Amino acid sequence: MDNPLDLGSLRAAFSGRLLDNTDDMAPFLTDYRGRFTGRALAVVLPDSATDVAAVVRWCATHRMAVVPQGGNTGLVGGGVPNETGQSVLLSLQRMQRVLEIDPLNNTLTVQAGCILANVQEAARKANRLFPLSLGAEGSCTIGGNLATNAGGIQVLRYGNARDLCLGLEVVTADGHIWNGLRSLRKDNTGYDLKQFFIGSEGTLGIITAATLKLYPQPAAQMTAFAAVPTAFAALKLFELAQRRLAATLTAFELLDAECVDVIERNSPCRKPLQVDSPFYVLLESSDPTSAERATENFQALMEEAMETGIVSDAAVATSLSQSDSFWALRHHVAEAQAREGENLKHDISLPISRIPQFIEEARAAITAKDPSLRIISFGHMGDGNLHYNISPRRGADAAEYASFRAGEKKLSALVYEVVSCLNGSISAEHGIGALKMSDNARYKTALELRLMADIKRALDPQGVFNPGRLFPVEQPANNATRS
Ligand code: FAD
């Protein structure tokens, strides 16, 4: 047997596809936001499920952990290893092949390292739509999307990554390849095994391929950017849009005034309205059959919203490029905010009807603690998902940032208490990873945590996959060094 610190047979099997030089490994070992940096024995770049299985078997034999990584765009530090150096990072970035497309069955099968934008493009070439869409789509992978059950901007109409997946191929903890690439809408033959792996954040198995649902390309898309006087007015607009547009309503995003100001200060994007307003809504409809009907319904909606005072002003895009410029505003939030310094992010889920109450109560709690703090809230309101970010005042000095950092946990606790009182969740779409483990342990019930631990033990008894992520797992008895 190889010495655990000697890569031996793994190096031989993955010649040219194994990195163990510090500089070569560095980009894989720090997360997207630079908050988590880990260590690894090596980074391995497999080409196939058979390769992945070989890595998993080697790691199981040598008591090394396996950390799967896709595009490394995750925002909770789940795709980078811990600090022990007792892990092999398994990057799926070479596994990019489109394996099969069946337009009549509306399905597409791809390897897990396929970049989301390329999956969308493959669907488009077959005159179909793969509707998962998020800001990181140019870098994130379908395997990462499924492992985090990603959401994005069209969940309202098409669901999360989970809802878009019909089948999976997975490498299990004992190095077997489970071929569950079924393309069936109905299959009641016992436990739906793929659901264990979707949203498991790389802690139960490695997703190596997926069969995905496709939809018809929409015949017409209508986009509007609307000013609304209150968060409650945004809720009324949502209700009206659902009534008027029914299933053609595909996106309903909220941005507060501070958020739009930050974007305008730090990016080339400008809001398409002259007025300033406390809140803005970006909404879109996608009609699968008729451009005329789409225009008519959308215009009727906006007219009623203006007449009833729900909307104080609105711009409706008259071209695709105008619609893209509205969306650019939304997609620039994270980057624009990062330019103004650090911020404390929360990705919360609430019953949609409670969003205005949350906004009011959370602001009261935060400003009571420190009135100089800035709150930026935006997100997928139609899914009940807000990104609720807090930062120090503009122009804060190093000492203020240090004190802000020191108080982060208390600020998050204030936010999460309001979320919890309103029956919400502390993670809507980004997951738990390394960042929210203790918060998750606090807000999930003891029974939920025990059932999760039971599933982990059943599927990964040695604790090979992604240790110390999602929840602190029991470590294998013969590897005391893993955290
Ligand atoms: P990684 O970051 O590489 O990994 C994420 C997790 O999945 C890790 O725990 C990792 O171990 C695991 N994993 C990765 N690949 C596999 C695999 N093949 N098998 C098993 N486990 C695996 N998220 C949203 O949901 N909605 C958004 O709107 C959204 N917007 C974003 C915008 C920006 C600008 C950025 C930077 C991120 C955004 N995200 C969003 C977060 C992120 O893009 C998603 O979580 C995405 O699904 C991660 O995919 P990835 O390939 O980058 O995964």
Side-chain angles (χ1 to χ4, degrees), residues 27-34 36 38 46 49 52 56 65-82 87 89-96 110-119 132-155 160-162 168-173 194 196-210 251 253 327 330-338 345 347 349 378-380 383 385-387 427-437 460 465-470:
F28 297 89
L29 303 183
T30 295
D31 76 310
Y32 180 86
R33 294 178 65 205
F36 297 91
V52 172
V56 171
V66 182
V67 177
Q69 188 182 91
N72 197 14
T73 67
L75 298 173
V76 291
V80 293
N82 61 29
S87 308
L89 189 136
L90 197 144
S91 165
L92 286 101
Q93 64 173 226
R94 288 170 65 101
M95 294 179 57
Q96 298 245 8
V110 292
Q111 281 190 308
C114 229
I115 304 284
L116 174 56
N118 296 343
V119 178
L132 188 68
S133 174
L134 43 121
E137 64 197 24
S139 330
C140 64
T141 63
I142 199 69
N145 300 148
L146 290 163
T148 57
N149 186 25
I153 55 174
Q154 302 198 93
V155 173
N160 295 301
R162 187 186 296 284
L168 284 185
E169 178 186 73
V170 174
V171 171
T172 59
K194 67 179 179 294
F196 286 113
F197 301 101
I198 299 173
S200 71
E201 302 186 37
T203 62
L204 298 178
I206 315 274
I207 299 168
T208 48
E253 301 283 312
W327 277 107
R330 170 67 181 83
H331 291 316
H332 270 84
V333 184
E335 199 185 314
Q337 207 184 359
K345 294 189 192 299
D347 159 44
S349 186
F378 64 99
H380 317 296
D383 314 323
N385 177 190
L386 279 189
H387 299 310
S427 174
E429 57 178 13
H430 296 161
I432 299 300
L435 186 68
K436 295 188 189 163
M437 269 190 314
D460 181 16
F465 292 133
N466 226 355
R469 301 296 183 251
L470 185 53

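On a predicted model such as this, the values are computed, not experimentally measured, just so you know. Start at 1 and go down the list; that is how both ligands and their atoms are numbered.
Any N or O atom pair closer than 3.5 Å counts here, and P68 shares at least one such pair with ligand 1. At under 3.5 Å, not a single nitrogen or oxygen of L134, backbone or side chain, sits near a nitrogen or oxygen of ligand 1. Geometrically, ligand 1 and G151 share a nitrogen or oxygen pair separated by less than 3.5 Å. In terms of N/O distances under 3.5 Å, ligand 1 is approached by N72. At under 3.5 Å, not a single nitrogen or oxygen of A147, backbone or side chain, sits near a nitrogen or oxygen of ligand 1. Remark: ligand 1 and N145 share an N or O pair separated by less than 3.5 Å (distance only, no angle test). Considering backbone and side-chain atoms together, C140 places no N or O closer than 3.5 Å to any N or O of ligand 1. Geometrically, ligand 1 and G71 share a nitrogen or oxygen pair separated by less than 3.5 Å. Residue S139 has no nitrogen or oxygen atom sitting less than 3.5 Å from a nitrogen or oxygen atom of ligand 1, judged on distance alone. For the pair G78 and ligand 1, the shortest N or O to N or O distance falls below 3.5 Å.
Atoms of ligand 1 found under 4.0 Å from any heavy atom of G79, numbered from 1 in the order shown, are 8 (C), 9 (O), 10 (C), 11 (O). Taking every heavy atom of A150 and a limit of under 4.0 angstrom, the matching atoms of ligand 1 come to 25 (O), 47 (O). Residue T141 has at least one heavy-atom neighbour below 4.0 Å for each of these atoms of ligand 1: 50 (P), 51 (O). Taking every non-hydrogen atom of G202 and a distance limit under 4.0 Å, the qualifying atoms of ligand 1 come out as 20 (C), 21 (N).
For the pair E253 and R330, the salt-bridge criterion is met [side-chain N within less than 4.0 Å of a carboxylate O].
Note that the CD1 atom of I198 and the CG atom of L168 stand 5.0 Å from one another [nearest 0.5 Å].
The number of heavy atoms from other shown groups lying within 6.0 Å of OH (Y32) does not exceed 12.
For G205, the heavy-atom gap to ligand 1 drops under 4.0 angstrom. The closest approach between a heavy atom of G152 and any atom of ligand 1 is below 4.0 Å. Using a non-hydrogen distance threshold of 4.0 Å, H380 registers as a contact of ligand 1.
Counting only heavy atoms from C-beta outward, the side chains of P46 and R94 never approach each other to under 4.5 Å. Between D347 and K436 there is a side-chain heavy-atom pair separated by less than 4.5 Å. L89 has its side chain within reach of L29: a pair of non-hydrogen atoms, C-beta onward, lies under 4.5 Å apart. For the pair Q96/I115, a side-chain contact is recorded, criterion being any heavy-atom separation below 4.5 Å from C-beta on. L75 is listed as a side-chain neighbour of R33, based on a closest heavy-atom distance under 4.5 Å. Looking at T30 and F36, their side chains never come closer than 4.5 Å, going by heavy atoms from C-beta outward. Taking 4.5 Å as the limit, some side-chain heavy atom of L132 sits within range of a side-chain heavy atom of L116. No side-chain heavy atom of V170 sits under 4.5 Å from any side-chain heavy atom of F196.
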Show every donor-acceptor pair shorter than 3.5 Å between a side-chain atom in residues 144-155 and any protein atom, with sequence neighbours excluded, or say none if there are none.
| residue | atom | partner | partner atom | Å |
| --- | --- | --- | --- | --- |
| N145 | ND2 | T141 | O | 3.3 |
| T148 | OG1 | G144 | O | 2.8 |
| T148 | OG1 | N145 | O | 3.3 |
| N149 | OD1 | R162 | N | 2.9 |
| Q154 | NE2 | P131 | O | 2.9 |

May I have the step-by-step check of side-chain hydrogen bond (donor to acceptor under 3.5 Å, both in side chains) for D31 and N72, ending in yes or no? CA-CA 6 Å; D31 76 310; N72 197 14; over 6 Å; no
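Panel note: side chain Q337, backbone A334; no donor-acceptor pair is recorded below 3.5 Å.
Side-chain polar atoms of E169 and T208 form a donor-acceptor pair below 3.5 angstrom.
Nearest to atom 38 (C) of ligand 1 among the protein's heavy atoms is L75 CD1, 3.9 Å. For atom 2 (O) of ligand 1, the closest non-hydrogen atom of the protein is G74 N, 2.8 Å. For atom 19 (N) of ligand 1, the closest non-hydrogen atom on the protein side is I207 N, 3.0 Å. Scanning all protein heavy atoms for the shortest distance to atom 23 (N) of ligand 1 gives H430 CD2, 3.6 Å. The protein non-hydrogen atom at the shortest distance from atom 37 (C) of ligand 1 is T73 O, 3.4 Å. Here the heavy atom of the protein found nearest to atom 31 (C) of ligand 1 is A136 N, 4.1 Å. The protein heavy-atom contact nearest to atom 27 (C) of ligand 1 is E429 OE2, 3.3 Å. In terms of protein heavy-atom proximity, atom 53 (O) of ligand 1 is closest to G144 CA, 3.5 Å.
At a heavy-atom distance under 4.0 Å, only side-chain atoms of N466, from C-beta outward, approach ligand 1. Contacts between E335 and ligand 1, counted as non-hydrogen atom pairs separated by less than 4.0 Å, are absent for every part of the residue. Contact annotation: for Y32 versus ligand 1, heavy atoms closer than 4.0 Å belong to the side chain alone. Neither the backbone nor the side chain of R469 has a heavy atom within less than 4.0 Å of ligand 1. Using a 4.0 Å cut-off between heavy atoms, L92 contacts ligand 1 through its side chain alone, with no backbone atom that close.
Taking the six-membered ring for Trp and thresholds of 30 and 60 degrees, H380 and H387 have ring planes more than 60 degrees apart, a perpendicular arrangement.
Applying the ring pair (Phe, Tyr, Trp, His ring centres under 6.0 Å) rule to H332 yields no partners; only residues at least two apart in sequence or on another chain are considered.
For the side chain to side chain contact (heavy atoms under 4.5 Å, CB included) test with R469, the passing option among I432, L435, V67, N82 is N82; the others fail.
Of the candidates I115, T148, D347, V333, it is T148 that places a heavy atom closest to atom 44 (C) of ligand 1.
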